[in-house]
Amino acid sequence: MLFRSVSQSRYGEAKWEEIKEEASFEEIGFISMKSYDDRITYSLVEAASKLTGRSSSDLLRSFGEYWVLHTSREGYGEMMDSAGNTLVEFLKGLNMMHFRLGKIMPDMIMPHFEVTDEMENSLLLHYKSKRDGFTDMVIGIVKGLSKKFNTECIITIVQSKSEGFNHDIFRIEWK
């Protein structure tokens with residue numbers, strides 16, 4: 001399970017055990033390329049926040065960045081490499097990558113991304129999902145992608161689903 005990997009690498013095995021206990025999470029054998037109930041993630045993030053003093057928002061952003069920089073090398077690398085060679089190409093290729101992932105993981109509820117208002121050094125990224133609570137993770141994923149593609153960027157939330165809009169919009173700017 002990815003959350004375990006993040007927790008162990010940042011805080012060690014003992015902290016992971018505390019997080020599991022706080023979340024009343026009984027670890028089972030997780031299988032790569034299988035989706036799991038979001039409630040598991042929510043409870044683990046809440047427990048980790050309580051035990052580390054970091055906000056849920058910060059933890060989800062770290063989780064997203066970790067996913068890109070570490071997990072992409074473990075099982076998803078080839079698929080991620082096929083999505084694009086630059087940050088912008090990759091963001092434009094997210095839906096195709098999710099389409100391919102959907103073939104492997106048919107139970108996974110894939111989000112939809114759309115790039116609009118593309119300019120020389122910025123764009124708007126629309127994030128539409130039936131799943132709630134992952135806006136900060138998307139920010140972390142984009143930050144991880146910016147590192148992966150050596151493109152320092154600033155991400156600003158322009159519109160948020162949590163404020164009553166039907167989807168999130170991020171402005172992504174780079175030099």
Side-chain angles (χ1 to χ4, degrees), residues 1-81 83 90-91 94-95 97-113 125-148 155 157 160-170:
M1 172 178 203
L2 183 59
F3 196 86
R4 176 186 185 160
S5 298
V6 174
S7 298
Q8 286 176 318
S9 71
R10 301 252 173 154
Y11 304 108
E13 181 66 30
K15 185 61 77 178
W16 168 243
E17 293 299 324
E18 287 179 51
I19 291 168
K20 285 187 339 185
E21 186 176 329
E22 179 68 28
S24 300
F25 174 66
E26 191 147 333
E27 195 165 1
I28 54 173
F30 280 90
I31 301 167
S32 178
M33 300 297 220
K34 182 172 177 6
S35 62
Y36 295 90
D37 193 319
D38 290 338
R39 289 177 291 188
I40 294 171
T41 303
Y42 299 147
S43 66
L44 289 169
V45 168
E46 185 179 316
S49 178
K50 180 178 178 181
L51 294 170
T52 64
R54 292 177 65 190
S55 70
S56 296
S57 175
D58 186 40
L59 289 168
L60 282 167
R61 288 178 186 203
S62 294
F63 182 74
E65 188 172 326
Y66 183 94
W67 191 92
V68 169
L69 297 175
H70 299 280
T71 306
S72 65
R73 290 181 256 161
E74 299 174 18
Y76 295 92
E78 199 173 295
M79 190 173 296
M80 287 186 72
D81 289 344
F90 192 92
L91 294 174
L94 275 170
N95 291 327
M97 185 182 77
H98 284 140
F99 175 77
R100 288 192 299 270
L101 271 172
K103 298 278 189 196
I104 299 166
M105 302 168 61
D107 295 336
M108 183 71 166
I109 301 168
M110 298 295 176
H112 178 79
F113 291 90
L125 180 66
H126 298 253
Y127 164 60
K128 300 173 184 176
S129 179
K130 294 177 182 174
R131 300 164 67 199
D132 290 324
F134 292 101
T135 299
D136 287 308
M137 189 167 157
V138 172
I139 292 171
I141 287 170
V142 173
K143 286 206 176 272
L145 289 170
S146 75
K147 288 179 180 179
K148 177 180 171 61
I155 306 160
I157 299 174
S160 176
K161 195 173 175 182
S162 67
E163 295 173 344
F165 293 95
N166 67 344
H167 69 283
D168 297 318
I169 301 176
F170 307 95

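For reference, positions follow the sequence shown, starting with 1. None of these values were measured; they are calculated from a predicted model.
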Check: Phe170 and Val142 side chains under 4.5 Å, non-hydrogen atoms: no
Quick check: does any side chain N or O of Ser62 sit under 3.5 Å from a backbone N or O of Asp58, one acting as donor and the other as acceptor? yes
If you compare all heavy atoms of Ala23 against all heavy atoms of Leu44, which two are closest, and at what distance to 0.1 Å? CB-CD2, 3.9 Å
Can you establish whether the number of heavy atoms outside Lys50 located under 6.0 Å from its atom NZ is more than 12? no
To the nearest 0.5 angstrom, please state how far the OG1 atom of Thr135 sits from the NE2 atom of His167. 11.0 Å
CZ (Phe165) and NE2 (His126) are apart, to the nearest 0.5 Å, by 12.0 Å
Minimum-distance pair of heavy atoms, taken over all atoms of Val68 and Ile141: CG2-O, 3.5 Å
Mind checking what makes ring pair (Phe, Tyr, Trp, His ring centres under 6.0 Å) contact with His112, not counting sequence neighbours? none
Taking the side chain as everything from C-beta on, heavy atoms only, tell me whether Ile157 gets closer than 4.5 Å to Ile139. yes
Can you tell me if Ser49 uses its side chain to pair, donor with acceptor, with the backbone of Arg54 under 3.5 Å? yes
Sequence neighbours left out, what passes salt bridge (charged side-chain N to carboxylate O under 4.0 Å, His left out) with Asp136? Give chain and number order. Arg61
Could you report the tightest heavy-atom contact between Ile19 and Ala48, atom names first, then the distance? CD1-CB, 3.8 Å
Check: Lys161 side chain, Tyr127 main-chain N or O, donor-acceptor pair, under 3.5 Å: no
Quick check: do Phe63 and Val45 have side-chain heavy atoms less than 4.5 Å from each other? no
Any side-chain donor near an acceptor of the partner, Ser57 and Ser55, under 3.5 Å: no
Working to the nearest 0.5 angstrom, can you tell me the gap between Glu65 CD and Lys143 NZ? 7.5 Å
Whether over 12 other heavy atoms sit under 6.0 Å from Glu22 CD: yes
Closest heavy-atom pair, Arg131 versus Ile109, reported as atoms and distance to 0.1 Å, is CD-O, 3.6 Å
Nearest-0.5 Å distance, CD of residue Glu18 to OG1 of residue Thr52: 10.5 Å
Can you list everything that forms a side-chain hydrogen bond (donor to acceptor under 3.5 Å, both in side chains) with Asn166? Sequence neighbours excluded, please. none
